[in-house]
Amino acid sequence: MPTQLDSALETIMAELTKEGQPFATVPFERDGMEMPAFAMAPPTLAHYFAHFCNQHKDVPFLVDGDVRLTFGETYAAAVCVAEGLVAKHGLEKGDRVGIAARNSANWIIAYMGIAMAGGCATLLNGFWSGDELAYGIRLAECSLVLTDKARAERLEGTDHSARIVMIGHGGAPSDGLAEIWATPSGDGPSVAMRMLGELTADDLATILYTSGSTGQSKGAWSDHRGVVAGTMSYVAQSAMAKVLLEKQGEDLSAQPSALVAVPLFHVTGEVPLFLQSYAIARKLVLMPKWDALEALRLMEAEKVTYFVGVPLMSYEMATHPEREKFDLSACKSFAAGGAPRPLEHVTRIKDAFPKGFPLLGYGLTETNGVGCGNFNENYLAKPGSTGRASKPIVDLAILDDDGNKLAQGETGEVCIRTIANFRGYWNNEDATRDAFTKDRYFRTGDLGYLDEDDYLFIVDRKKDIIIRGGENITCIEVEDAIYAHPDIAECSVFGLPDDRFGEVPAAIFRVKDGRDPVTPAQLREFLLERTAPFKVPLEEHIWTTTEMLPRLGTQKIDKKSLRETYTRHMAAA
């Protein structure tokens, strides 16, 4: 039976979605299927930025070290970036512009400027190695890549044809973004103003990268309609929560504020955290890299009301030895995405921050982060669930391999149909076709079931990936890197449970007959020269054997038995 909280939230959402209300929907036909779309959503990101930055122009928006910008100041800077991208670099509508940089105010302004100039914001994974970055650039056919010093150094000598333009962090945006900065002349409409009349909801907006079972990253592209719809879905959830809390007597007069501790190139950082903030007038406090103590300090100093990160982040703050020194009473929500939280994490977070609640969301790059949410008391009651489908736009179904809906409680593939879904994988028609059912449900690759209250429980993954602290690691990709070693005969990469990251990569390998032994330390050193460090197993998670690796009847290596064997091994160690 629905809980009292479920019933209250349903009543509130029903009011918010009535005709004439902010989140009313209208039918929209996409690819032959009718689905709900927000009636009042801005048509593009450019319109979205213009509307809300004007509405909140004097409200504080970005805090990045010593840099503090209002919504109006941020928009004015993005207008100059849009102008510079066209005037200095000849950007045309639909051109892919890569961003390869750490989180900063200038990253956000660059993203805005690209969208406002009609370009496609192509969010390169800042953790990638140089060759991986170059692959992402080639895949999306970027004409231009905006990169900071660290990523530019990685890209030196790699194979791509994009023009590299340096951006910096800190100080005035006009300094860090000087290479893509131009002041509108005033003789005619600015680029940003002109594009408000030219851009449509069907135009290309973003490309984000995702790992799949093939081992190579794919570029998931979305039009403006999808990205804006995904953003507005989160705004609807926030509006629902605000009404609920006000009815419960909470004082929500203070400006909402969020700590940006997750990468902005991830969909969690991009949509629910960064893009949603314009509509709800939320201040964003940026930190260059994760540090639990610094996070505690910033959250107290900036009166952060909302925190989202991979599960380990809120847990690290909850268990930090100096936690008691900081007043985090302003923070009402400790959200996580990217991986399920262990039960112990949920209870420890609630105990550590009694005035806040742990939350869990479920969404994917391909759904623009939209999917399910598990809130407050309901999350404490069902900590193993990712919650209910987000109303009013998400149609969630559990399907069999043929695309047929399964009964309540039966395990099958979790599939999502929504106007916020991506449009396809860039230059990969086969993968795009395989990603959708004939009824336009996106196949997530996750196996799960819906309980009697329509709460989603994820039980396994069809895709052979490891989720390390929210980062997807494709097993076959790491295996390919191991096989590049001339002395390796066979190997297998699999995930092991980990209290901090949720899951970490592990590997076992066998050396070719007659070759000198290879130690785990030597193999790790070999891998670190070829792939991103977060994908490389630690030395204690690399094993060597002289026996053939176990096989299934299909002669594929039996990863399941290896995972079980070495999970027991680690537990006994």
Side-chain angles (χ1 to χ4, degrees), residues 100-102 123-139 150-151 153-155 158-159 208-220 262-263 265-269 289-290 309-313 337-339 364-365 445 461 463-485 488 490-509 518-544 549 557 559 562-563 566-567 570:
R102 70 162 173 83
L123 310 188
L124 296 158
N125 187 322
F127 297 146
W128 277 347
S129 67
D131 286 337
E132 289 167 325
L133 287 168
Y135 170 79
I137 293 167
R138 293 195 307 271
L139 178 65
R151 280 83 190 167
E153 289 174 352
R154 291 183 214 165
L155 279 165
T158 60
D159 178 24
L208 276 69
Y209 293 85
T210 180
S211 295
S213 57
T214 61
Q216 285 192 315
S217 293
K218 298 187 289 291
V262 294
F265 60 76
H266 273 175
V267 73
T268 300
K289 65 178 182 178
W290 173 248
V310 296
L312 69 98
M313 290 179 172
L364 299 97
T365 299
R461 289 193 298 277
K463 300 175 183 178
D464 188 13
I465 58 174
I466 299 162
I467 302 181
R468 177 192 178 274
E471 275 292 337
N472 282 6
I473 302 171
T474 306
C475 292
I476 194 171
E477 180 184 9
V478 184
E479 287 168 353
D480 285 345
I482 294 174
Y483 279 123
H485 192 295
I488 302 300
E490 61 176 353
C491 71
S492 182
V493 172
F494 46 92
L496 293 177
D498 182 81
D499 288 340
R500 183 167 184 243
F501 291 99
E503 200 173 25
V504 292
I508 184 169
F509 68 95
V518 176
T519 67
Q522 289 170 333
L523 181 61
R524 176 172 164 79
E525 184 179 357
F526 176 84
L527 293 175
L528 286 171
E529 295 174 355
R530 287 159 176 80
T531 193
F534 73 89
K535 299 177 184 178
V536 179
L538 296 175
E539 183 179 344
E540 59 265 32
H541 296 153
I542 302 175
W543 292 275
T544 182
L549 297 183
I557 292 174
K559 285 181 182 286
L562 287 170
R563 186 182 298 113
Y566 285 96
T567 297
M570 292 300 295

Please report the shortest heavy-atom distance between [X] and [Y], naming the atom on each side.
X    : Y    : value
G269 : V262 : CA-CG2, 3.7 Å
A220 : T365 : CB-CG2, 4.2 Å
C475 : F494 : SG-CA, 4.2 Å
L527 : P537 : CD1-CD, 4.3 Å
S492 : L549 : N-CD1, 3.9 Å
L139 : G219 : CD2-N, 3.6 Å

A side-chain contact here means heavy atoms from C-beta on lying under 4.5 Å apart; do [X] and [Y] qualify?
X    : Y    : value
V518 : T544 : no
R151 : R102 : yes
L538 : V504 : no
H266 : E471 : yes
T158 : L133 : no
I473 : V478 : yes
F509 : I542 : yes
T210 : V267 : no

Spatial distance of atom [atom1] ([X]) from atom [atom2] ([Y]) [nearest 0.5 Å]:
X    : Y    : atom1 : atom2 : answer
E132 : K535 : CD    : NZ    : 3.5 Å
I466 : F534 : CD1   : CZ    : 11.0 Å
F265 : N125 : CZ    : CG    : 4.0 Å
C491 : D480 : SG    : CG    : 8.0 Å
R530 : H485 : CZ    : NE2   : 8.0 Å
D131 : R138 : CG    : CZ    : 8.0 Å

| field | Backbone of P520 reached by a side-chain donor or acceptor of E539 within 3.5 Å | value |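 Checking the backbone N and O of P520 against the side chain of E539, no donor-acceptor pair under 3.5 Å is found.
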Requested in this report: Using atom types as modelled and distance alone, determine if a side-chain donor or acceptor of R468 lies under 3.5 Å from a backbone N or O of P505.
Outcome: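 Here the side-chain-to-backbone pair does not exist.
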Does the plane of the ring in W128 sit parallel, tilted or perpendicular to the ring in Y209? Use 30° and 60° as the thresholds.
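Rings of W128 and Y209: perpendicular, over 60°.
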CD (E540) with more than 12 external heavy atoms under 6.0 Å
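More than 12 within 6.0 Å, yes.
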